Participant: 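This is the structure I have questions about; it appears just below.
The model shown is predicted, which means the values in this text are computed figures rather than measured ones. Atoms within each ligand, like the ligands themselves, are counted from 1 in listed order. For this chain, numbers begin at 1 and follow the sequence in order.
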Amino acid sequence: MKTTIETKTYSNFINNEWKESASGKVITSINPANKEAVGYVQNSTEEELNQAVEAAHNAKKAWRKLGQAARGQLLFQTANLLEARLDEIAESMTMEMGKTLPEAKGETARGIAILRYYAGEGMRKEGDVIPSTDKDALMFTKRAPLGVVGVITPWNFPVAIPIWKIAPALVYGNTVVFKPASEAAVTAAKVVECFAEAGFPEGVLNFVTGSGSVIGQGLIDHPKLNAITFTGSESVGQSVAKAAAARGIKFQLEMGGKNPVIVAKNANLDQAVEAVISGGFRSSGQKCTASSRVIVESEVYNEFKQKLIEASEKITVGNGLEKGIWMGPCASESQFNTFNKYIEIGKNEGARLVHGGEVLTGGEYDNGFFVKPAIFEEVTPDMTIAQEEIFGPVIALIRAVDLEEAIDLANNTKYGLSASIFTSDISSILEFIDEIEAGLVRINAESAGVELQAPFGGMKASSTGSREQGEAAKEFYTAIKTVFIKGS
Ligand code: NAP
Ligand code: MG
């Protein structure tokens, strides 16, 4: 499959200059469909990280004083620049982490919409007037930025996640040091090019690539960092939380999920099948909101299972740049190995593989990390594949006698990101909304899928509670000043 994308080396962006790392080393970004290089990014040293944090620190005051409306205008400009490069950036994303081109285009379009949403925030209110008990006083709140915000992102949404963190951070007056996931840093660099071209003042947005252990860890430990927002694995999230708590800085974590879908006896089964396939297997199951446990009421279990297997048979797997491909490869060798590991664990613990689960071979499959999406049944709640986040195209079917048991099973996990139910019964819907332990509650809709203007985040171990996106983002990226004024 030929593309017009140039394989080049991307630099760090520090204090508005594109600079190579003094290390002289680069990280190669690999295409999981053919193991070819997609591009190279700097394998930076702590020295470059320090320069970036210093630049962000020095830019704080002037950026805050510029005002919210002017900051918003720069985000509008960034959105236009990203829009002009939508096709190219989406293609990079497909080549770098494997999701299909239509999905990559959808994500890039989402990034543009998020930029415009937060650009609009430039013209919205900065606080509230609150009545004082003193009739001669004026009391109001005013939002103040936090300062230098560190942004650490995963590889699975290399355009949307960085933008949904960077755009609110900037519009509310913070400066940013952005460290992307190494697996998708070429796409991230292209997004940063759009910000750079929009003409932000020096030091407002800085971009440093390199390993999680050097650049990520160095960022969270940096004394001039004022807040950190992180999306990624639970284990790294916990170390971010420890470092931030020890220094008393604000932190926000979005981590894993083990998202359940309940299929009730009165569900529209065709609708449920479509949503489970999409939620479980799109992006090769590598979404934090992916459907991974499907809990089905006994009465409709066999019929639902048959329909699910039939629909899964139709999935076409291949290079996501090609037309007609429904699912791309696993994002990397490590994701591919993780898939294979969990298939073995599932089998060894006694779950029954009823569809897929094997590595695809022959032709172009031999050059990439292609697998056939898997469906296990007879999965019991204590099995590893019912508890651990797999982050791959694996669905665990679990049988429940009734709705009450289904909800108990759904809640039987440390995570609480997203949860769906398929039912036409209003009482079941109301019960589910009340009882389910999830930040995203979805009725007759797939577990994956969020809207940019609504709060996003989870309960329990999935997140630290403060929500991202929409208006909710303001809670994290600002501090409140309560102002009380009397005449003199
Ligand atoms: P990850 O390994 O935790 O990496 C996330 C980011 O942290 C990357 O930029 C990584 O850099 C960096 N990092 C690694 N070690 C670090 C350290 N010691 N200190 C600071 N930063 C460090 O996660 P991933 O494999 O990229 O992403 C998959 C995970 O993200 C899944 O668990 C998924 O559920 C979660 N996720 C959650 C959401 C959500 O909103 N809840 C959304 C998407 C993904 P390198 O790439 O250089 O290692
Ligand atoms: Mg890659």
Participant: Answer yes or no for I161: is there a heavy-atom contact with ligand 1 below 4.0 Å?
Facilitator: yes
Participant: Measure the distance from atom 9 (O) of ligand 1 to every protein heavy atom, then report the residue, atom name and distance (to 0.1 Å) of the closest one.
Facilitator: T153 O, 2.8 Å
Participant: Number the atoms of ligand 1 from 1 as they appear, then name those within less than 4.0 Å of a heavy atom of N156, with their elements.
Facilitator: 43 (C), 44 (C)
Participant: Any salt bridge between E446 and R282, counting N to O under 4.0 Å?
Facilitator: no
Participant: Check ligand 1 against P180 and write out every atom of the ligand that is under 4.0 Å from a heavy-atom position of the residue.
Facilitator: 9 (O)
Participant: Nearest protein heavy-atom contact for atom 31 (C) of ligand 1: which residue, which atom, what distance?
Facilitator: E389 OE1, 3.5 Å
Participant: Can a salt bridge be assigned to the pair R110 and E107 using a cut-off of 4.0 Å between side-chain N and carboxylate O?
Facilitator: no
Participant: Give a yes/no on ligand 1: does S463 have at least one heavy atom closer than 4.0 angstrom to it?
Facilitator: no
Participant: Work out which heavy atom in S29 is nearest to a heavy atom in E96; give both atom names and the distance.
Facilitator: OG-OE2, 2.7 Å
Participant: What atoms of ligand 1 come closer than 4.0 angstrom to any heavy atom of T231?
Facilitator: 5 (C), 36 (N), 37 (C), 38 (C), 39 (C), 40 (O), 42 (C), 43 (C), 44 (C)
Participant: With a 4.0 Å cut-off on heavy atoms, does F157 reach ligand 1?
Facilitator: no
Participant: Begin from the C-alpha positions of F376 and I343 and carry the test side chain to side chain contact (heavy atoms under 4.5 Å, CB included) through to its verdict.
Facilitator: CA-CA 9 Å; F376 277 106; I343 297 297; 3.9 Å; yes
Participant: Does a salt bridge link E344 with K341, judged by any charged N lying under 4.0 Å from a carboxylate O?
Facilitator: no
Participant: Nearest protein heavy atom to atom 39 (C) of ligand 1, by residue and atom, and its distance?
Facilitator: C288 SG, 3.1 Å
Participant: Going by atom types only, do K250 and S466 share a side-chain donor-acceptor pair under 3.5 Å?
Facilitator: no
Participant: Does ligand 1 have any atom sitting under 4.0 Å from a heavy atom of S211?
Facilitator: yes
Participant: Only heavy atoms of S182, strictly under 4.0 Å: list the atoms of ligand 1 that pass.
Facilitator: 45 (P), 46 (O), 47 (O)
Participant: Pick whichever of Q335, K258, Q217 has a heavy atom sitting closest to atom 19 (N) of ligand 1.
Facilitator: Q217
Participant: Can a salt bridge be assigned to the pair R116 and E83 using a cut-off of 4.0 Å between side-chain N and carboxylate O?
Facilitator: yes
Participant: Counting non-hydrogen protein atoms only, what is the nearest one to atom 14 (C) of ligand 1? Give residue, atom name and distance.
Facilitator: G212 CA, 3.6 Å
Participant: Note the single closest protein heavy atom to atom 35 (C) of ligand 1, along with its residue, its atom name and the distance in Å.
Facilitator: G232 O, 3.2 Å
Participant: Report yes or no: do Q286 and S283 form a side-chain donor-acceptor pair below 3.5 Å?
Facilitator: no
Participant: L417 heavy atoms, cut-off 4.0 Å: which ligand 1 atoms fall inside?
Facilitator: 41 (N)
Participant: Find the distance between CD (E377) and CD1 (I395) and round it off to the nearest 0.5 Å.
Facilitator: 13.0 Å
Participant: Can you see which heavy atom on K287 is nearest to which on A448, and at what distance?
Facilitator: CD-CB, 3.8 Å
Participant: Would you call E475 and R143 a salt bridge, taking side-chain N to carboxylate O under 4.0 Å as the test?
Facilitator: yes
Participant: Restricting to N, O or S, what is the name of the atom of E96 that lies nearest the Mg ion (ligand 2)?
Facilitator: O
Participant: Closer than 4.0 Å to some heavy atom of F230 - which atoms of ligand 1 meet that?
Facilitator: 3 (O), 5 (C), 6 (C), 7 (O)
Participant: Please determine whether E183 has a backbone or side-chain N, O or S atom lying under 2.8 Å from the Mg ion (ligand 2).
Facilitator: no
Participant: Counting each atom of ligand 1 from 1 as listed, which ones have a heavy atom of G216 under 4.0 Å away?
Facilitator: 19 (N), 20 (C), 21 (N)
Participant: Looking at atom 1 (P) of ligand 1, what's its closest protein heavy atom, distance included?
Facilitator: S233 OG, 3.6 Å
Participant: Kindly state if atom 46 (O) of ligand 1 has a protein heavy atom within a strict 4.0 Å cut-off, that is, under 4.0 Å?
Facilitator: yes
Participant: Got an N/O contact under 3.5 Å between S462 and ligand 1?
Facilitator: no
Participant: Quick one: nearest non-hydrogen protein atom to atom 40 (O) of ligand 1, plus distance?
Facilitator: F456 CE2, 3.2 Å
Participant: Report the relative orientation of the aromatic rings in W155 and F391; use parallel for angles under 30°, tilted for 30 to 60°, perpendicular for over 60°.
Facilitator: perpendicular
Participant: State plainly whether the residues K474 and E471 are in salt-bridge range, i.e. N to O under 4.0 Å.
Facilitator: no
Participant: Assign the ring pair F178 / F207 to parallel, tilted or perpendicular, where the plane angle (0 to 90°) is split at 30° and 60°.
Facilitator: tilted
Participant: With a cut-off of 2.8 Å, does I30 place any N/O/S atom under that distance from the Mg ion (ligand 2)?
Facilitator: yes
Participant: Please write down residue, atom name and distance for the protein heavy atom closest to atom 25 (O) of ligand 1.
Facilitator: W155 NE1, 3.2 Å
Participant: List every atom of ligand 1 that sits less than 4.0 Å from any heavy atom of G210, numbering the atoms from 1 in the order shown and giving each element.
Facilitator: 47 (O)
Participant: Please determine, by modelled atom types, if T229 and Q252 share a side-chain donor-acceptor pair under 3.5 angstrom.
Facilitator: yes
